[in-house]
Student: 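Got a structure for you, written out below as structure tokens; questions coming shortly.
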Amino acid sequence: MTIAPAHNGELGQAAWSDAKLLYALEEVVEKELNRHLKVAKEWMPHQYVPWSDGRNFPGVLEDGEEWAPEQSKVSDIGRTALVVNLLTEDNLPSYHHEIATLFGRDGAWGTWVHRWTAEEGRHGIVMRDYLLTSRAVDPDELERFRMAHMSEGFESDNSHSMLHSVAYVAFQELATRISHRNTGHHSGDPVCDRMLARIAADENLHMLFYRNLLGAAFEMAPDQTMCAVRDVVTGFRMPGHGIPGFERAAARMALGGIYNLRIHHDDVLQPVLRFLKVLEISGLGPAGLAAQEELGLYMDGLDAQARKFEERQAAIRARREARR
């Protein structure tokens, strides 16, 4: 069955409604879902947790031991990033609600929504179990942060549009993978590094699903998709931006080399844009061409900002070395 999109003069080509585009992409979703299920590996969260390191905390249990920073095997920057990463995962109920509302709960779309949620659930389980068992972070502070963060609720910047949401997660899943992987590298604990490498592998598969879906959207609705990618890239925020103290934590993570402008430009935005050849797509209407040009200019400006950040970072390191 062929679905004809409605004509939209502003875009200069036929425009798709969310409902029609969802239906038209269903076949692609089914293909990508089957590919994902073939390559995804089963893994058990409990196998990545050093249970023998665990001991009781004070409270109901009389033999509980208070948490102290020196009990943690994780570096200072590792603790900061782990808390941000876990609190981001904690909002899974809100994320599920968002994508289930946008993508639906039936057919291939619905199967993917539930599968993705189940896989993401493992990430929160294993991270919290690791943090508490290894005493990597203050458990009381972690729980207070979780309560505050989840009590605020969550609303995506892209909840108004299915196409914007697909574009966003194509970049966000890769950003999450990079953040987890770099956190593991900087954690100072091989057990933590191994755990986060496993999580990062899942996030990479999620990115591939959405990136390929975005590629199909470009073939069906190039102008609309280009505008959505422009909007998402220029206004990109990580889903954990509502975490208490997020800006300060993000600044520490940037200086610590876990996630900063250079990483965002080189390792997140550029790989997706390059793979899909977004800045090389031809045959666009006026709106698509304008969006493509804006996107190119934005990427040039972001690269310049990243260079300035690197210069400031080098100056800070030099001053620290001089004081030592």
Side-chain angles (χ1 to χ4, degrees), residues 40-96 116-151 176-206 238-240 243-246 248-250 252-253 256-259:
K41 295 181 179 179
E42 180 184 61
W43 61 279
M44 304 300 168
H46 56 268
Q47 295 178 349
Y48 287 80
V49 179
W51 299 104
S52 59
D53 291 349
R55 50 196 187 276
N56 295 337
F57 289 102
V60 177
L61 303 176
E62 296 179 359
D63 61 341
E65 179 183 349
E66 289 281 357
W67 181 83
E70 59 269 18
Q71 296 169 357
S72 175
K73 299 177 183 178
V74 175
S75 64
D76 289 343
I77 186 60
R79 285 201 296 273
T80 297
L82 279 163
V83 169
V84 169
N85 291 353
L86 176 55
L87 292 177
T88 301
E89 299 283 358
D90 277 333
N91 250 339
L92 183 59
S94 292
Y95 307 150
H96 174 83
W116 175 87
T117 302
E119 292 185 1
E120 289 289 342
R122 286 193 295 209
H123 302 168
I125 291 170
V126 71
M127 289 178 67
R128 175 166 280 100
D129 286 347
Y130 165 80
L131 291 180
L132 297 180
T133 302
S134 65
R135 291 182 171 245
V137 300
D138 182 342
D140 294 345
E141 184 179 68
L142 180 64
E143 177 59 12
R144 291 187 185 109
F145 277 150
R146 187 191 71 84
M147 287 294 295
H149 182 41
M150 294 191 70
S151 295
T176 304
R177 168 202 158 192
I178 296 295
S179 180
H180 282 312
R181 202 68 192 93
N182 287 343
T183 299
H185 290 328
H186 288 80
S187 69
D189 181 9
V191 175
C192 180
D193 190 22
R194 190 161 54 242
M195 171 194 67
L196 291 176
R198 178 59 264 179
I199 292 175
D202 277 1
E203 303 290 7
N204 192 61
L205 291 181
H206 298 165
M238 289 295 274
I243 293 171
F246 177 79
R248 183 178 179 183
R252 292 195 65 202
M253 291 167 67
I258 290 176
Y259 200 95

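By convention here, the first residue in the shown sequence is residue 1.
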Student: For side-chain contact (heavy atoms from CB on, under 4.5 Å), just list the numbers for R252 and D76, CA-CA rounded to whole Å, side-chain angles, deciding distance to a tenth of an Å, and then say yes or no.
Tutor: CA-CA 10 Å; R252 292 195 65 202; D76 289 343; 3.8 Å; yes

Student: Write down the atom of A249, the atom of T80, and the distance for their closest heavy-atom approach.
Tutor: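 Result for this residue pair: CB-CG2, 3.8 Å.
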
Student: Looking at side-chain heavy atoms only, is the closest gap between Y95 and E120 below 4.5 Å?
Tutor: no

Student: Can you measure from CD (E66) to CD (Q71) and round to the nearest 0.5 angstrom?
Tutor: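 So the gap between those two atoms works out to 9.0 Å.
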
Student: CG of D140 to CZ of F57: how many Å apart, nearest 0.5 Å?
Tutor: 8.5 Å

Student: Nearest 0.5 Å please: distance from the CE atom of M195 over to the CD atom of Q47.
Tutor: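 It is 14.5 Å, given to the nearest 0.5 Å.
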
Student: Do L86 and R146 come within less than 4.5 Å of each other through their side chains, counting heavy atoms only?
Tutor: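 With C-beta onward as the side chain, the pair stays apart.
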
Student: Counting only N and O atoms by type, is there a donor-acceptor contact under 3.5 Å from the side chain of R79 to the main-chain atoms of V74?
Tutor: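 Confirmed, R79 side chain pairs with V74 backbone.
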
Student: With a 4.5 Å cut-off on side-chain heavy atoms, are M238 and T88 touching?
Tutor: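 Answer no - side chains too far apart.
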
Student: Please find the pair of heavy atoms, one from A200 and one from R177, that lie closest to each other, and give the distance.
Tutor: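 Nearest pair, atom of A200 first, then R177: O-CG, 3.5 Å.
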
Student: Can you list the steps and then say if H206 with E203 is a side-chain contact (heavy atoms from CB on, under 4.5 Å)?
Tutor: CA-CA 5 Å; H206 298 165; E203 303 290 7; 3.6 Å; yes

Student: Search all heavy atoms of G184 against all heavy atoms of D193 and return the closest pair with its distance.
Tutor: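 Between these two residues, the closest heavy atoms are C-OD1, 3.2 Å.
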
Student: Enter the distance from R55:CZ to L61:CG here, rounded to the nearest 0.5 Å.
Tutor: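 It is 14.0 Å, given to the nearest 0.5 Å.
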
Student: Please check this pair: side chain of S179 against backbone of T176, looking for a donor-acceptor N/O pair closer than 3.5 Å.
Tutor: no

Student: Do W116 and L205 have side-chain heavy atoms sitting under 4.5 Å apart?
Tutor: no

Student: Considering all heavy atoms of both residues, which atom of A136 and which atom of S72 are nearest to each other, and what is their separation?
Tutor: O-OG, 3.1 Å

Student: Could you go step by step and tell me if V191 and K73 meet the side-chain contact (heavy atoms from CB on, under 4.5 Å) rule?
Tutor: CA-CA 10 Å; V191 175; K73 299 177 183 178; over 6 Å; no

Student: Which atoms form the tightest heavy-atom contact between P139 and L132, and what is the distance?
Tutor: CB-CD2, 3.7 Å

Student: Compare all side-chain heavy atoms of R198 with those of K41 and state whether any distance is below 4.5 angstrom.
Tutor: yes

Student: Is the backbone N or O of T133 less than 3.5 Å from a side-chain atom of W51, with the two atoms forming a donor-acceptor pair by type?
Tutor: no

Student: Donor-acceptor check, side chain of S75 to backbone of H186, threshold 3.5 angstrom: yes or no?
Tutor: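 Yes, S75 side chain to H186 backbone: donor-acceptor pair under 3.5 Å.
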
Student: For D129 and H46, run side-chain hydrogen bond (donor to acceptor under 3.5 Å, both in side chains): C-alpha distance rounded to whole Å, both residues' side-chain angles, the deciding distance at 0.1 Å, then the answer.
Tutor: CA-CA 8 Å; D129 286 347; H46 56 268; over 6 Å; no

Student: From H185 NE2 over to C192 SG, what is the distance, rounded to the nearest 0.5 angstrom?
Tutor: 11.5 Å

Student: Apply side-chain contact (heavy atoms from CB on, under 4.5 Å) to the pair F145 and V137, showing each step before the final yes or no.
Tutor: CA-CA 12 Å; F145 277 150; V137 300; over 6 Å; no

Student: If you take all heavy atoms of I77 and G256, which pair is closest and at what distance?
Tutor: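 Closest approach of I77 to G256, heavy atoms only: CG1-CA, 4.2 Å.
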
Student: How far does CE of M150 sit from CG of D90, to the nearest 0.5 angstrom?
Tutor: 6.0 Å

Student: Take T183 and N85 through the side-chain hydrogen bond (donor to acceptor under 3.5 Å, both in side chains) test and state the conclusion after the steps.
Tutor: CA-CA 9 Å; T183 299; N85 291 353; 3.2 Å; yes

Student: How about L82 and L196: do any of their side-chain heavy atoms sit closer than 4.5 Å?
Tutor: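 Yes, their side chains come closer than 4.5 Å.
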
Student: Do the side chains of R122 and D202 get nearer than 4.5 Å, heavy atoms only?
Tutor: yes

Student: Got a donor-acceptor contact below 3.5 angstrom from the H123 side chain to the E89 backbone?
Tutor: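 A pair under 3.5 Å: no.
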
Student: Report yes if some heavy atom in the side chain of V84 is under 4.5 Å from a heavy atom in the side chain of Y259; otherwise report no.
Tutor: no

